[in-house]
> 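What follows is a structure written as structure tokens; I'll ask about it next.
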Amino acid sequence: MTNNTAIDDDAARNTLNGQIQAFCVSLIGHLDTSGGGDMNQTGGSAGGTAALRAADVHKFQQQHGISPLDPMDLFAYLIPELFSVTGTTTSAHISPASSLRIITALATLDAKAYVQPAIRTLQTLTSFHTTKQRSSTTQLEVVVPGGSASELSQPPTDLIAVLVNQACCSEQVQVSDAAKQSLLNCVALFPELNAAFLSTLASLWKLQLDAMAQGGGKSTTTTKQQASIIAVRAATLWTESMCADPCGRGLASAFDATCSSFFIRMLQDASDPLLQMSILDLFEKLTGSDQVMTSKACQRWLLSESVLRSIFVFCGVTMATENGEQKTESSMIDPLLGGAALCVLSGLCQVLLLRSQSTMDVDEVDGDGEANIHGNNDVSMTDADSSVAVPISLAVVLAAFSAALHQFAQEDSSLSEAEQLSLWDAISSFAATGMDALRMVLEHRTIRHSWICISASKQPKLKAAQLLSMARVFDPSVIVADDSNGRNSAKSNDSLPTISADRTKLLQQLYAMTLTEQTSASRSATSTTELLLLWAASPIAEIRIACYALLTAYVTACGLTGAQVVLGSKPAPPSGGDDGRDDTANAQKSLEMMDWLLLRGREPTPACRIAKYELTKTIFEKSKGLLAERVQRKLEKFIARGPHYAEAQAWDVAAE
């Protein structure tokens with residue numbers, strides 16, 4: 001019974017597709033005769049309405065026995081034909097160009113009835129194939145109306161222009177979003193369309209920026225506000241095209257010098273602070289994207305003079321050139337845009353960190369004997385306002401970052417929690433870029449104090465975030481990842497590069513300052529390690545994990561010296577037995593550090609056990625060969641059993 005129903009459904013679908021195909025052929029003939037349906041026209045535009053009338057559509061529907069025709073059925077047939085291999089209209093298929101021509105003509109005739117179904121159908125189809133391509137390297141296939149599978153062929157280039165227009169100009173949010181996603185999917189599936197996408201986007205973007213500059217477009221229906229909205233949508237589309245990863249390979253190739261110059265132009269438009277706020281939000285998205293952060297072209301642009309100069313202005317720092325020399329001057333933090341600029345500054349510090357790790361060494365210098373931010377072997381990014389490459393010296397960039405951090409650090413007490421998180425993140429990323437930056441932070445009392453002074457009044461999660469930001473300077477690979485229980489656990493990368501002796505000294509200085517920067521009420525320990533172990537005795541899991549992460553990062557960075565410092569300290573007195581039960585004898589005795597490291601049962605959560613296990617494992621690895629043979633065997637046994645090992649108990653003992 002079920003098989004017969006399926007056969008009947010397939011037969012009905014094939015019959016309907018045949019009727020729709022005949023209907024489309026009639027429409028194409030009508031458009032050829034009337035000269036309408038130009039593919040460059042987009043849904044909702046003023047032109048082309050005379051070429052196709054509602055009466056014509058109704059007549060052809062009746063002629064082929066499909067009146068009324070559901071738009072979803074029509075586009076379920078037409079949209080796959082955009083990707084059909086055939087280049088001409090045949091008895092079985094409509095050519096891609098003709099399919100797009102029909103869709104455009106119908107959208108021009110009645111945008112409300114046809115645009116949304118067409119775009120949503122296209123989004124569904126392209127999303128399916130991008131997902132399929134992500135999970136498989138086999139050739140893509142698309143099921144065409146006839147029921148057979150064919151290669152997924154590149155759609156007409158004019159489709160990109162239609163999608164860009166709908167994504168940026170549509171008054172319906174759902175249509176705009178669906179068009180944007182369809183566009184990103186198409187460019188991801190067919191990289192050859194990237195040039196057409198960037199060219200079309202740049203043209204539309206420039207048109208809106210010019211309209212904004214003139215106070216409105218030439219048409220009386222285009223106002224400055226409308227042009228501003230379209231320009232922001234264009235900027236968002238360009239940003240998401242670089243951040244998107246629909247096929248697992250990224251779209252960093254969407255970086256374009258023309259679009260980037262429009263981006264800066266909008267950021268520098270002081271007449272519209274809300275527009276600037278939108279661009280700052282997009283900058284934050286760029287600096288937080290893995291796709292962008294792994295693109296050297298994007299990194300170089302984000303650290304170019306035009307970008308840094310624009311961002312630093314909102315942070316209260318002006319980059320100026322006087323007598324051929326670059327310098328920085330302090331001003332006031334922008335009261336409206338300063339908070340958003342701080343978030344961007346945090347992201348730029350991370351870009352600076354990545355850039356320093358990949359291409360820039362502080363000992364490398366350019367021809368004038370001064371280190372260059374883009375490295376000795378890279379060409380500096382061309383400034384957005386100039387055709388001449390503008391190299392920025394490392395010293396000037398570091399001074400500007402330091403001055404910007406100082407501006408916010410001195411306002412530490414008035415910052416919101418989100419802004420404090422951004423400030424700590426920015427300082428830690430900046431300090432991790434190299435010895436010069438770390439030395440600046442350590443020597444600048446205001447920045448240093450706002451970063452490593454742990455206030456007793458802060459929320460526990462804020463304290464944990466502050467400690468983790470410090471851990472990142474010792475080991476930039478420190479992250480907080482979710483374990484199988486959904487809790488946070490600190491992890492680090494074992495492949496940390498070798499650290500120079502001079503940098504190790506600076507890191508040890510930072511570690512010592514972690515104690516001296518605390519207030520007298522918080523300074524209840526005699527060393528930084530004892531202070532961290534005291535905090536690690538907190539029942540709050542987040543603080544324990546952060547303390548263990550900082551200790552682990554310190555040992556990782558300082559090696560044997562760090563391991564010896566930790567092993568020579570006294571842990572906080574335990575509050576229970578190794579099996580998790582209260583034990584008066586255990587609670588009263590003072591454990592040695594090695595004994596404490598081998599305890600498992602006193603951690604409140606699995607994530608805490610993992611964090612402490614990582615600390616024990618790191619100390620063992622850094623001090624291997626120097627420990628007594630008996631101690632080394634105990635550590636090897638402990639590590640081999642993993643963080644969650646527990647001694648088995650006999651059933652009668654457990655019952656008792």
Side-chain angles (χ1 to χ4, degrees), residues 357 428 431-432 435 438 452 467-481 489-515 525-536 544-572 591-600 603 607-645:
Q357 291 175 335
S428 63
M435 290 175 54
L438 178 56
I452 63 178
L467 290 166
L468 286 172
S469 73
M470 296 165 59
R472 288 182 57 208
V473 178
F474 293 93
D475 181 357
S477 64
V478 167
I479 60 173
V480 175
S489 59
K491 299 183 179 180
S492 63
N493 189 351
D494 294 333
S495 60
L496 186 70
T498 303
I499 300 177
S500 66
D502 291 338
R503 181 167 176 80
T504 300
K505 290 180 181 179
L506 290 176
L507 292 175
Q508 290 173 338
Q509 183 181 350
L510 169 62
Y511 190 71
M513 286 180 173
T514 305
L515 174 67
T526 58
S527 70
T528 299
T529 305
E530 290 186 7
L531 178 64
L532 292 175
L533 291 172
L534 184 63
W535 287 342
R544 297 175 80 110
I545 292 171
C547 289
Y548 293 149
L550 180 51
L551 288 168
T552 304
Y554 170 65
V555 175
T556 301
C558 297
L560 178 60
T561 301
Q564 289 175 330
V565 168
V566 175
L567 288 174
S569 302
K570 287 283 186 181
L591 293 175
E592 294 296 329
M593 176 57 71
M594 187 59 68
D595 297 326
W596 178 82
L597 288 172
L598 295 174
L599 294 179
R600 296 179 186 272
E603 299 304 325
C608 291
R609 287 197 289 273
I610 293 174
K612 185 180 177 184
Y613 172 82
E614 291 294 330
L615 172 60
T616 305
K617 180 180 177 182
T618 303
I619 290 176
F620 170 69
E621 291 174 348
K622 297 301 179 181
S623 58
K624 188 183 298 184
L626 298 178
L627 298 171
E629 184 177 352
R630 179 183 62 84
V631 175
Q632 185 161 322
R633 285 200 302 269
K634 289 178 66 176
L635 283 170
E636 289 175 346
K637 184 178 180 180
F638 176 88
I639 293 170
R641 288 175 168 176
H644 303 299
Y645 174 81

> Which residues pass the side-chain contact (heavy atoms from CB on, under 4.5 Å) test with A536, not counting sequence neighbours?
C547, Y548
> Where do D502 and M435 come nearest, in terms of heavy atoms and distance?
CB-CE, 3.3 Å
> Start with the C-alpha distance between K612 and L599, add both sets of side-chain angles, then the distance that settles side chain to side chain contact (heavy atoms under 4.5 Å, CB included), and finish with yes or no.
CA-CA 9 Å; K612 185 180 177 184; L599 294 179; 3.8 Å; yes
> Could you grab the distance from atom OG1 of T556 to atom CG of L551, nearest 0.5 Å is fine?
10.5 Å
> From Y613 OH over to F638 CZ, what is the distance, rounded to the nearest 0.5 angstrom?
7.5 Å
> Evaluate side chain to side chain contact (heavy atoms under 4.5 Å, CB included) for L510 paired with F474, printing each intermediate quantity in order.
CA-CA 9 Å; L510 169 62; F474 293 93; 3.9 Å; yes
> Which heavy-atom pair separates Q632 from L627 by the least distance, and what is that distance?
OE1-O, 4.1 Å
> Rounded at 0.5 Å granularity, tell me how far OG1 in T526 sits from CG in L515.
8.0 Å
> Output the distance between atom CG (L531) and atom OG1 (T514), rounded to the nearest 0.5 Å.
8.0 Å
> Determine the minimum heavy-atom distance between L438 and L506, stating which atoms define it.
CD2-CB, 3.6 Å
> Can you tell me how far CD1 of I545 sits from CG of L468, rounded to the nearest 0.5 angstrom?
8.5 Å
> Could you check whether any side-chain heavy atom of Y511 comes within less than 4.5 Å of a side-chain heavy atom of T529, counting everything from C-beta outward?
yes
> Can you pull out every salt bridge (charged side-chain N to carboxylate O under 4.0 Å, His left out) where at least one residue sits in residues 632-641? Sequence neighbours excluded, please.
E629-R633, R641-E647
> Rounded to the nearest 0.5 Å, what separates atom CD in Q564 from atom CD1 in I619?
11.5 Å
> Report the residues that fulfil side-chain contact (heavy atoms from CB on, under 4.5 Å) with S428, sequence neighbours left out, ordered by chain and then residue number.
D425, W451, S469, R472, V473
> State whether a side-chain donor-acceptor pair under 3.5 Å links T528 with Y554.
no
> Using side-chain heavy atoms (C-beta onward) and a distance below 4.5 Å, is L635 in contact with M594?
yes
> Hey, does K622 have a side-chain heavy atom less than 4.5 Å from the side chain of L560?
no
> Can you see which heavy atom on D475 is nearest to which on A553, and at what distance?
CB-CB, 3.9 Å
> Between S569 and S527, which heavy-atom pair has the shortest distance, and what is it?
OG-OG, 4.3 Å
> Between the side chains of K570 and E530, is the shortest nitrogen-to-carboxylate-oxygen separation below 4.0 Å, so that they form an ion pair?
no
> What pair of heavy atoms forms the shortest contact from C558 to T504, and how long is it?
SG-CG2, 4.1 Å
